[in-house]
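Note sheet for the following structure.
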Amino acid sequence: MERSVGLLAVVLVLTPAASHAVAWGSAPVTVDLGDGARAHRVPVPCGGVPTFGFARCAQWSAEGLTIPGDLPVGAVHMFARARGGRIAMATAVGLWLTDDRGTRWTRARIDTPVLPLSLAFDSGSDFGAAVGPNGTLWTTHDNGATWRTRRDRSGPALVDVAVTGRTVAFSDAAGGVWVSFDEGVSVRTLGDAARGAMPVMAVHRGSIWVRVEGRRWWRADANGTLEEAARSPWG
């Protein structure tokens, strides 16, 4: 079943070999949710008014995943795959979870009224991280059921996140990008603002790969290693 869901906002495939820039927004993107389920985001005109490249909106559709029409999701921001086939959906009115491809959805518990714009999970554990407005970063240790604030600072919204083990990389709307090896408590700055291309992040073979300034690559591992790389793992 395929359903379109509106998104107010700012075709890449989110697989290890196809890195993505800002996850939240209106850029075309396909999120592979496993077992044949995928979510697709495409830009659309905002209210039929020509935008000339500005104030773009976006629309989500899903295949292999049911989003009931009576589910009060509001605007959809991002989808993510968690361990055990669970799918998480960050929306304007809550973070929702399904373990059966959308036959039933439950609302996750989160400790703030502010809600995530993007989220990601470690593929081998129940740990995950989410980011959103006001520089907020949340973490979960129960596969998305409950979320706790780890960072909450005024400033640009955090819009993209990647996770491996307990290592978290995240970026903001201005192109700043950081890596944390302790679930967001302390961070190392890789870039404080975009100088050209926005940061790009992807998880590949257990490491988070981050491209800064459109050319410099960093690799962050689950064991706490961070090092600059001459090139990406994709050549």
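Note that this is a predicted model, so its numbers are computed, not measured.
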Shortest non-hydrogen pair, L190 vs V212, comes out as O-CG1, 3.9 Å

Value for CE (M89) from CZ (F79), rounded to nearest 0.5 Å, stands at 5.5 Å

With rounding to the nearest 0.5 Å, note down the distance linking CG in L65 to CG in D35. 11.5 Å

Shortest non-hydrogen contact from G214 toward A197: CA-CB, 3.9 Å

Can E63 and H40 be said to form a side chain to side chain donor-acceptor pair (under 3.5 Å), step by step? CA-CA 8 Å; E63 58 179 290; H40 308 279; 2.5 Å; yes

Give the C-alpha distance, both sets of side-chain angles, the deciding distance and a yes or no for side-chain contact (heavy atoms from CB on, under 4.5 Å) between V187 and F181. CA-CA 7 Å; V187 300; F181 297 108; over 6 Å; no

Let me see the working for L95 and L119 under side-chain contact (heavy atoms from CB on, under 4.5 Å), right down to the final yes or no. CA-CA 10 Å; L95 203 161; L119 68 165; 4.2 Å; yes

Contact between W218 and V177 at the side-chain level, heavy atoms closer than 4.5 Å - yes or no? no

For the pair R101 (side chain) and R86 (backbone), establish whether a donor and an acceptor sit closer than 3.5 Å, ignoring hydrogens and angles. no

Run W209 and V203 through side-chain contact (heavy atoms from CB on, under 4.5 Å) and show every step you take. CA-CA 6 Å; W209 289 81; V203 177; over 6 Å; no

Could you tell me if W138 and T112 have a donor-acceptor pair between their side chains, going purely by distance under 3.5 Å? yes

Rounding to 0.5 Å, atoms OG1 (T106) and CG (D99) come to a distance of 7.0 Å

Side chains of I110 and P116 in contact at under 4.5 Å (non-hydrogen atoms): yes

Just by distance, no angles: are the side chains of T149 and D111 close enough, under 3.5 Å, to form a donor-acceptor pair? yes

Determine whether a donor-acceptor pair (N or O, by modelled atom type, separation under 3.5 Å) exists between the side chain of N223 and the backbone of T225. yes

T98 (side chain) donor-acceptor with W105 (main chain) under 3.5 angstrom: no

Test item: T140 side-chain N/O and G128 main-chain N/O as donor-acceptor pair under 3.5 Å: no

Run the side chain to side chain donor-acceptor pair (under 3.5 Å) check on D221 and S207 step by step: do they pass? CA-CA 5 Å; D221 295 331; S207 298; 2.4 Å; yes

Residues that D126 engages under salt bridge (Lys or Arg N to Asp or Glu O under 4.0 Å), provided they are two or more places apart: R83

side-chain contact (heavy atoms from CB on, under 4.5 Å) between W60 and V31: does it pass, once the steps are laid out? CA-CA 10 Å; W60 283 94; V31 184; 4.0 Å; yes

With E227, the salt bridge (Lys or Arg N to Asp or Glu O under 4.0 Å) member among R219, R216, R188: R219

Enter the distance from M78:CE to S118:OG here, rounded to the nearest 0.5 Å. 5.0 Å

Can you pull the ring-ring contact (aromatic ring centres under 6.0 Å, His included) pairs that have at least one residue in residues 111-134, sequence neighbours excluded? F121-W147, F127-H141

To the nearest 0.5 Å, how far apart are OG1 in T167 and CG in L226? 9.5 Å

Could you tell me the separation between the CG atom of L117 and the CG atom of L158, rounded to the nearest 0.5 Å? 8.5 Å

Taking all non-hydrogen atoms of both residues into account, name the closest pair between A120 and A162 and its distance. CB-CA, 4.2 Å

Counting N and O atoms only, with roles assigned by atom type, does the side chain of R195 sit under 3.5 Å from a partner on the main chain of A193, one being a donor and the other an acceptor? yes

Smallest heavy-atom separation, L33 atom then A80 atom, equals CD2-C, 3.8 Å

Can you pull the salt bridge (charged side-chain N to carboxylate O under 4.0 Å, His left out) pairs that have at least one residue in residues 141-151, sequence neighbours excluded? R150-E183

Please find the pair of heavy atoms, one from M198 and one from A194, that lie closest to each other, and give the distance. SD-CB, 3.9 Å

From the options D182, V185, V161, V131, select the one residue that forms a side-chain contact (heavy atoms from CB on, under 4.5 Å) with V168. V161

Within-4.5 Å side-chain heavy-atom neighbours: W96 and L71: yes

T189 (side chain) donor-acceptor with G191 (main chain) under 3.5 angstrom: no

Where the side chain of S125 meets the backbone of D122, is there a donor-acceptor pair that is under 3.5 Å apart? no

